[in-house]
Amino acid sequence: MKNKVIGATLCAIMTMSLFTGCGRKAENGDTPQNTAQNPTSTQENDNQANNQNNNQNTAKGQVYYLSFKPEVNNIWQDLAQKYTQETGVPVKVVTAASGTYEQTLMSEIANTEAPTLFQINGLIGYQSWKDYCADLKDTQLYEWLLDKSIAITGEDGGVYGIPYVVEGYGIIYNNAIMDKYFAMEGAKAASMDEIKNFKTLKAVVEDMQAKKDDLGINGVFASTSLTPGEDWRWQTHLANIPIAYEYKDKGVTDADTIDFTYADNFKNVFDLYINNSCTAPGLLGNKSVSDSMAEFALGQVAMVQNGNWAWSQISDVGDIAVKAEDVKFLPIYAGIEGEEGQGLCVGTENFFCINSKAKPEDQAASIAFVEWLFSSDEGKAAVTNDLGLIAPFNTFSDEEKPNDPLAREVLRDMADETTTSIPWQFTTFPSIRFKDNFGAALLEYASGSKKWEEVKEQVISDWAAEKAAVTQ
Amino acid sequence: MQKTLRRYFPIFILPTLIAFAFAFILPFAMGVYLSFCKFKTITNAQFTGIDNYVKIFADRDFINAFWFTIKVSVLSILTINIFAFILALALTRRIRGTNLFRTVFFMPNLIGGIILGYIWQQMINAVLLQFETTLVANATYGFWGLIILMNWQMIGYMMIIYIAGLQNVPTDLLEAAQIDGATGWQALTRVKIPLVMPSITICLFLTVSNSFKLFDQNLALTAGAPSKRTAMLALDIYNTFYGRMGYEGVGQAKAVLFFIAVAAIALTQLAMTRRKEVEA
């Protein structure tokens with residue numbers, strides 16, 4: 001009898017745990033959305049539910065945007081809610097965790113409720129997602145585009161990705177420290193205007209490094225972060241300079257093989273960064289991008305290579321020593337012929353795509369949402385002020401441009417007639433693997449276990465191998 | 001009773017069977033199928049035959065990762081089990097504070113792999129700072145870092161299993177050995193070790209499978225740097241899957257091979273140690 005009771009209890013517990021297991025699963029299914037969305041999500045879900053009922057009559061469709069940047073998740077959630085209130089179209093925004101966009105998109109798009117609006121990073125991204133990209137040629141969004149050549153066009157002439165932001169990068173410098181240096185006796189230049197090529201830059205930087213104690217800094221350049229995953233500023237952004245010049249010489253916009261003609265120019269800049277830094281070259285494998293930005297924000301260094309998106313990282317460091325009006329951009333001079341007229345590297349890696357496998361009404365709703373974002377006053381205000389984007393559309397007037405110091409510098413550079421900006425050719429880099437290998441080689445070069453010649457050879461052979469592997 | 005059980009047992013196992021089928025067998029079968037396909041997402045797979053398996057051996061990374069995994073596994077299996085057994089021996093003597101020690105040694109096991117990886121990365125880098133270098137500068141540092149990390153994490157868990165085994169060794173057998181004039185060493189090798197063979201089987205199985213499948217610690221500690229020379233198999237599979245467009249299938253194929261290898265090694269080990277188990 002006793003055994004029977006125990007047996008029965010055990011059975012009961014087992015079945016109970018089974019059921020709670022199921023119950024939890026259902027809950028889990030919901031939580032990713034709930035956590036990704038902010039506390040207002042329940043309200044939103046209600047909206048969605050209501051609208052889903054309406055949908056049967058009006059076929060309004062719904063929007064599901066898979067967002068790229070965790071740092072602006074809240075802003076997107078607010079925007080989605082506003083749009084839903086205004087138009088009644090449910091908008092769901094889910095943000096992929098930092099650095100996992102491809103992975104998240106890969107699994108989300110296989111769902112029945114797949115993202116209707118997503119983004120790709122350029123031609124390479126288009127190659128891998130072309131089965132899912134709808135033609136956007138007839139949309140107003142494409143009409144509004146200031147420079148139609150920057151959109152992604154397919155072989156059939158359709159438009160499959162529309163950039164929604166323009167960004168720029170170069171060497172960010174702290175003008176206060178530079179002025180302090182220029183006022184010193186024996187300074188190698190009198191003002192920033194004199195730094196127009198690599199030779200002058202090198203002379204100034206090396207002299208500053210020698211006088212770093214008088215300048216009150218730990219080094220001229222912030223740490224050249226080479227931790228795996230933190231090395232994109234070099235293997236992608238800095239590498240863009242030699243590749244862009246090589247493409248220009250050859251008159252191409254993509255190539256199956258490269259000669260890495262300007263490898264030594266890359267080395268010029270890279271050596272300058274690692275040898276005149278606040279961190280010894282051997283220790284760079286332990287530094288992250290946020291370390292570098294913090295060093296700059298705290299006034300410990302005078303320069304750091306990064307883009308206008310870095311402003312939020314600089315201003316987020318509490319108690320920053322650098323003033324907004326002192327934060328300026330310098331083009332990355334590498335000692336290449338004709339670099340006096342070189343501007344910042346300006347381009348985009350953010351293209352909106354509409355999921356061609358979504359329901360037609362959902363696709364239409366997604367286009368309407370994006371068009372609202374870049375044409376309505378409310379949408380435009382959010383884009384400029386909250387998201388801080390430089391939108392490449394003619395719907396934005398001059399007063400509607402962002403006002404953070406780096407974004408303004410990019411706009412100034414774009415408007416400057418005397419300089420030409422360098423396009424973002426790194427969107428044609430063969431694969432993540434290519435970039436990772438390049439970064440790893442740079443790390444080994446910095447710590448002294450690899451010679452520059454080997455790095456150069458590796459880049460050339462990897463490029464060819466990866467391009468071949470991907471186009472197969 | 002027996003008869004009713006036999007009649008109703010399909011009903012009893014049905015819920016678990018369904019759960020097992022949906023959560024394990026089905027995804028596994030799909031995974032094997034996908035390893036023969038070229039795919040971007042699992043819904044647009046195209047069958048390509050053994051293409052993916054051919055590609056695996058065209059690239060050296062997988063072979064390198066395989067040897068690195070073997071090296072790390074062999075060394076860490078040995079060190080973890082030896083240290084865990086010594087600790088278990090020490091903590092089954094009547095010394096003060098045994099329970100406290102057991103708890104303390106067990107605690108690292110409660111911390112997740114990613115966090116452990118970053119903690120050790122910081123600690124090792126702090127030491128290497130004296131020599132103006134970092135963990136990722138040299139593959140040897142990464143190798144020893146992994147060994148230290150795995151030992152630190154897994155010794156406590158294995159120790160608990162060994163303690164349980166040692167406590168089950170009947171005291172009358174030990175007393176008899178003592179009366180027969182066995183030395184401490186003889187008592188250990190002739191009585192205790194044969195009797196804790198079941199624990200050794202379990203511990204070896206756990207360490208073998210855990211060190212072969214090691215991923216989080218590897219990712220957090222070095223992420224394979226420098227130049228993938230400290231990447232273990234699981235990390236290499238992950239990198240293949242996400243690192244290069246069109247290579248999702250190759251990553252999947254690697255994962256299937258990986259499964260076969262781990263299963264073969266673990267089963268052989270189980271069979272070998274099982275044979276040595278004796279009854280008291």
Side-chain angles (χ1 to χ4, degrees), chain A residues 3-4 11 14-15 18-19 21-22 25 100 102-103 105-112 114 124-125 127-132 226-231 280-287 357 430-437 439-441 443-444 446-450 458 465-466 469-472, chain B residues 1 5 12 14-16 18-19 22-23 38-46 48 51 55 58-59 61 121-122 124-126 128-139 141-142 219-231 235 238-248 250:
Chain A
N3 279 340
K4 262 190 188 163
C11 278
M14 257 171 61
T15 39
L18 198 78
F19 281 118
C22 292
K25 223 176 243 163
T100 62
E102 280 289 305
Q103 287 95 308
L105 182 56
M106 234 187 250
S107 54
E108 282 294 301
I109 214 149
N111 291 346
T112 19
I124 296 282
Q127 282 305 323
S128 82
W129 290 106
K130 60 181 167 192
D131 292 350
Y132 290 91
L226 284 171
T227 310
E230 300 281 343
D231 48 5
L283 298 176
L284 294 172
N286 191 25
K287 292 289 176 187
K357 307 215 163 153
S431 65
I432 301 175
R433 208 170 116 113
F434 165 79
K435 295 183 195 176
D436 285 349
N437 290 353
L443 170 62
E444 285 190 272
S447 50
S449 50
K450 210 168 213 172
Q458 188 203 310
E466 292 297 304
V470 166
T471 47
Q472 242 172 33
Chain B
M1 186 68 193
L5 255 186
F12 282 119
L14 195 65
T16 324
I18 291 173
F22 274 100
K38 187 180 170 67
F39 64 99
K40 180 74 199 168
T41 61
I42 54 170
T43 47
N44 69 347
Q46 284 168 329
T48 56
D51 206 26
K55 279 186 186 157
D59 110 61
D61 287 347
Q121 188 196 50
Q122 293 304 318
I124 296 173
N125 273 333
L128 291 176
L129 187 67
Q130 315 295 323
F131 308 98
E132 292 247 316
T133 183
T134 56
L135 187 60
V136 289
N138 191 324
Y141 302 156
L219 180 74
L221 195 70
T222 63
S227 296
K228 299 186 182 154
R229 268 182 275 145
T230 60
L235 186 63
Y238 175 84
N239 284 338
T240 314
F241 199 92
Y242 291 114
R244 184 148 93 178
M245 218 174 76
Y247 270 63
E248 293 81 6
V250 181

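None of the values given here were measured: they were computed from a predicted structure. Below, chains carry the letters A, B, ... as their sequence lines are ordered, and counting in each starts from 1.
The contact between B:Leu129 and chain A is made by backbone and side chain atoms together, counting heavy-atom distances below 4.5 Å. Contacts of A:Ser447 with chain B are made by side-chain atoms alone, with heavy-atom separations under 4.5 Å and no backbone atom involved. Heavy-atom distances place both the backbone and the side chain of A:Ala110 under 4.5 Å from chain B. In this structure, no portion of B:Phe39 lies under 4.5 Å from any heavy atom of chain A. Contact annotation for B:Thr240: neither backbone nor side-chain heavy atoms come within less than 4.5 Å of a heavy atom of chain A. Looking at A:Asn286, the atoms closer than 4.5 Å to chain B (heavy atoms on both sides) sit in the backbone and in the side chain alike. Only the side chain of A:Ser449 has a heavy atom closer than 4.5 Å to any heavy atom of chain B. Residue A:Lys435: no heavy atom, backbone or side chain, is found under 4.5 Å from chain B.
Under the 4.5 Å side-chain criterion, counting only non-hydrogen atoms from C-beta, A:Arg433 is not in contact with B:Tyr247. With a 4.5 Å cut-off on side-chain heavy atoms, B:Thr134 and A:Lys287 do not count as touching.
Among A:Thr227, A:Leu283, A:Leu226, the residue making the largest number of heavy-atom pairs under 4.5 Å with chain B is A:Leu283. For the options A:Gln458, A:Glu466, A:Glu102, heavy-atom pairs under 4.5 Å to chain B are most numerous at A:Glu466.
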Checking A:Met106 against B:Tyr242 for the side-chain contact (heavy atoms from CB on, under 4.5 Å) test, could you report, in this order, the C-alpha distance in whole Å, the side-chain angles of both residues, the deciding distance, and whether it holds?
CA-CA 10 Å; A:Met106 234 187 250; B:Tyr242 291 114; 4.1 Å; yes
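Applying the 6.0 Å contact sphere to OH of A:Tyr132 captures more than 12 heavy atoms from other residues, nucleotides or ligands.
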